[in-house]
Amino acid sequence: MQQHQARPYELNPRYAPSGSGVSTGWGAAVAGLDADRPLVLAVDGPAALNWAHAARQLTEALVSLGRPVSLLDVREHWSRERAERLEASGTPGDDPFFRPLSTASVGDLFDAVPRPERPEGAGVTLVIGPGAGLCEADVLWYADLPKRFAEAAVAGGSLPVGVNLGHPYAHGTLRRLFYTDWPVCDRHRDALAPRIDRWIDLQDPSSPASLEGTAMRATLAELARRPVRTRPYFNSTPWGGRWAADELGFTPRAGNTALGYELIAPEAGVLVGADAGAQVELPFQLLCVLHPEDLLGEEVSARFGTSFPLRFDYLDTMGGGSLSLHCHPREDYMREVFGRPYTQHETYYVTAAEPGAQIFLGLRGDAETDTMRAQVEQAIGDGTAMDVEAHVQTHPAATGQLFMIPAGTPHASGEGNVVLEVSATPYLYSLRFYDWLRKDAAGASRPLPYEHAFANLDTARRGDDVLKDLVQQPRTIRHGPGWREEVLGALPEMFYAVHRIVIDGGAGCHAYDDTAGRFHILNLASGRGAVVETAEGHTHHLAFAETLTVPAAAGAYRIHPVGDEPLHVVKALVTPV
Ligand SMILES: O=P(O)(O)OC[C@H]1O[C@](O)(CO)[C@@H](O)[C@@H]1O
C-alpha cells in the first residue's frame with residue numbers, strides 16, 4: 001500500500017465522475033442537446049429553488065443558440081385546494097410543532113398534469129418546476145439546491161427560495177418543509193433518478209454545475225461499492241460552540257458551530273467533480289435508491305427499504321451552552337403519531353470534553369413526573385428556572401465513553417463537550433422539556449413540545465439501571481496483533497450497535513474487518529489518520545474526526561494507521577435480527 005501523510009480534516013471530500021465530466025454554465029448544458037429537432041425539455045427539482053432565475057438563464061442560453069423558447073411553468077397549474085391537502089392529517093391540526101410525514105405525491109398538486117405543446121423547427125418548449133418530469137418530454141433535467149439552502153431560506157423568510165411546495169410565492173414554514181415538502185419531493189426525485197438526463201447543481205445560480213445522467217448513475221454505481229464520505233457542514237444554534245471552527249476549519253454562518261452534519265442521510269450530499277469550480281453535490285440518498293443492496297446490504301435493505309438507517313453527527317458545545325433537556329419518541333408513538341417506520345434512538349460518544357463537563361442522562365431514582373411537569377410548566381409560565389438535576393442524572397463526560405439513549409430517555413449534552421452522535425437516522429423529533437430559559441433576539445423561546453415529551457418519557461428505567469444499561473463498559477469481541485475491536489454499546493431495543501476498533505500503532509500494525517453484507521460507518525475519534533483499504537483495492541484516507549461509509553458490497557477491508565500513533569475508530573452497524 002502506498003504511504004499516506006497525515007492531513008487535516010477535509011471540508012470538501014470529492015470524487016471523480018465516471019464517464020463525462022462536470023460542466024459549468026447553462027451554455028455547456030444546452031450545448032449537449034440535440035440541435036436538429038424540436039424539443040420538449042422538462043426541468044424538475046425541489047420547491048425551494050429560484051425557478052424564475054433558472055428559467056431566465058436557461059432561456060437566454062437556448063436563444064443564444066438560435067432556439068426559440070416557449071415556457072411552461074408547471075407551478076401555474078397547481079391547484080390551491082390540492083396544495084392544502086398535501087399535508088398529512090393525524091397529529092391534532094393545531095399541533096404547532098410536528099406533522100405526520102406526508103404520503104402525498106407531487107402529482108397530487110395537479111387536477112391534470114399539463115400537456116406541453118410540441119414546438120417546431122429548432123424550438124424548445126421549456127417545462128419547469130416541481131412536477132415538470134410528470135409531463136411528456138423529450139429530455140429530463142433535474143435542478144437541485146441542497147436542503148441546507150432551503151432550510152436557511154425558509155427559516156430566514158427569504159424569497160423566492162424560502163417557499164413551500166404548492167405555495168410558490170409565499171413565505172414557507174419549517175414544519176411544512178420538514179414533514180411535507182421534503183418527503184414528497186424526495187420520493188418524486190427518487191422516482192425520476194433512473195431517467196434523469198442531466199443533474200444540475202444550482203448552489204451558484206450564476207454558474208450552474210451539471211453532470212450527464214448516465215455519468216451520474218455510473219458514478220453512483222461505483223461509489224455504492226467503495227468507501228465514501230459525504231460533504232460535512234455545521235449549523236448554528238443557541239447552544240453551539242467553537243470546536244469545529246477552531247479545530248476543523250468550519251466557518252459557521254451564524255457565529256457558532258453546533259450540530260455537525262457528518263452523515264445525516266436525508267440531507268447529505270456527495271461531491272463529484274474535479275475541483276471546487278466544477279463539482280456537483282449529489283444526494284447521498286440516491287446511492288440508497290439506485291443501489292440499496294450494494295450500499296446497505298441485502299438484509300438491511302429488506303428491513304429498511306431505501307432508507308439509510310444510521311446517522312453520525314457532532315454536537316459541539318465547547319465554549320457554548322447545554323442542549324435542551326429532551327427525549328425522543330418511543331417506537332409506537334413515532335409510528336402512530338408521526339408516521340415514521342422507525343424511531344430516533346441515539347447514542348453519545350464523547351470525542352472531547354473540558355474538565356468537569358457533563359452529560360445529562362436518565363431519571364434519578366427519586367424523580368417524580370408530576371413535580372417535573374409542574375417545573376416545566378412554571379418555567380414556561382413565569383420563567384422560573386427548572387431544577388434539572390433534581391430529576392435527571394448527570395454523568396462525567398469522559399473522553400471515549402459511550403452513552404446509550406434509547407427513545408424516551410431524558411438527556412442533553414452539557415456545555416464543554418464534543419459529542420459524536422451515533423444514532424438512528426430520524427433527527428427532527430426533539431421533544432423538549434426545558435431549554436434553560438433561553439430566548440432569541442426577539443424574546444422568543446425555541447419550541448417546547450413538552451406534552452409530546454411527557455407522553456414519551458420512559459419512567460421505568462431510572463436510578464442505578466441508568467448506569468447499568470446506558471453507560472456500558474467496552475467488551476472486546478475480536479483482536480489481533482496490536483489491535484482489538486470492542487462493543488461500546490448495544491441494547492435489545494436498539495437496532496444498531498456501536499463498536500470501537502483500537503489500533504495500538506507502530507510499523508505494519510493494522511486491523512482487518514469485513515462488512516459481511518451490512519454497511520459499516522467509521523469515524524476516526526482519536527489519532528491523526530487512517531487508511532481504509534478494501535479487498536478490491538480501493539483506499540480511502542480518514543483524518544481525525546472524519547466519518548466514512550463502507551458499503552456492504554465493499555466486503556473485507558483493512559484499517560492502517562497513518563504514522564505510529566494509536567487510533568480509535570468508532571464503528572456502527574445495524575445488528576442482525
Ligand atoms: O433541541 P436541541 O437542544 O437543539 O438539541 C439538539 C437535537 O439535535 C439532535 O442532536 C439531532 O436531531 C438531537 O439529539 C437533539 O434533539
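Only a predicted model underlies this, so the values are computations on that prediction, with no experimental measurement involved. Positions are given from 1 along the sequence. Just so you know, ligand 1 is whichever comes first in the structure, and atom 1 is the first atom listed for that ligand.
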Do ligand 1 and Asp313 have nitrogen or oxygen atoms that lie under 3.5 Å from each other? no

Could you tell me if the ring centre of Phe338 sits under 6.0 Å from that of His328? no

Sub-4.0 Å atoms of ligand 1 with respect to non-hydrogen atoms of Leu315: 10 (O)

Could you list the atoms of ligand 1 found under 4.0 angstrom from a heavy atom of Ser430? 1 (O), 7 (C), 13 (C), 15 (C), 16 (O)

Please write down residue, atom name and distance for the protein heavy atom closest to atom 13 (C) of ligand 1. Glu346 OE2, 3.4 Å

Reported OG1-to-CD distance for the pair Thr575 and Glu299, which is rounded to 0.5 angstrom: 9.0 Å

For a side chain to side chain contact (heavy atoms under 4.5 Å, CB included) with Tyr349, tell me which candidate from Val419, Leu488, Asn523 qualifies. Leu488

Which ligand 1 atoms, with their elements, are less than 4.0 angstrom from a heavy-atom of Leu323? 3 (O), 5 (O), 6 (C)

Per-atom contacts of ligand 1 with Tyr427, taking only distances under 4.0 Å to non-hydrogen atoms: 11 (C), 12 (O)

Which word best sums up how the rings of Tyr179 and Phe98 line up, parallel for under 30°, tilted for 30 to 60°, or perpendicular for over 60°? perpendicular

Name the closest protein heavy atom to atom 11 (C) of ligand 1, giving the residue it belongs to and the distance to 0.1 Å. Arg311 NH1, 3.4 Å

Answer yes if the ring centres of Phe544 and Tyr9 are under 6.0 angstrom apart, and no otherwise. no

Option from Phe360, Tyr348, Tyr434, Phe403 for which ring-ring contact (aromatic ring centres under 6.0 Å, His included) with His411 holds: Tyr348

Which is closest to atom 1 (O) of ligand 1 in terms of heavy atoms, Glu421, Arg432, His326? Arg432

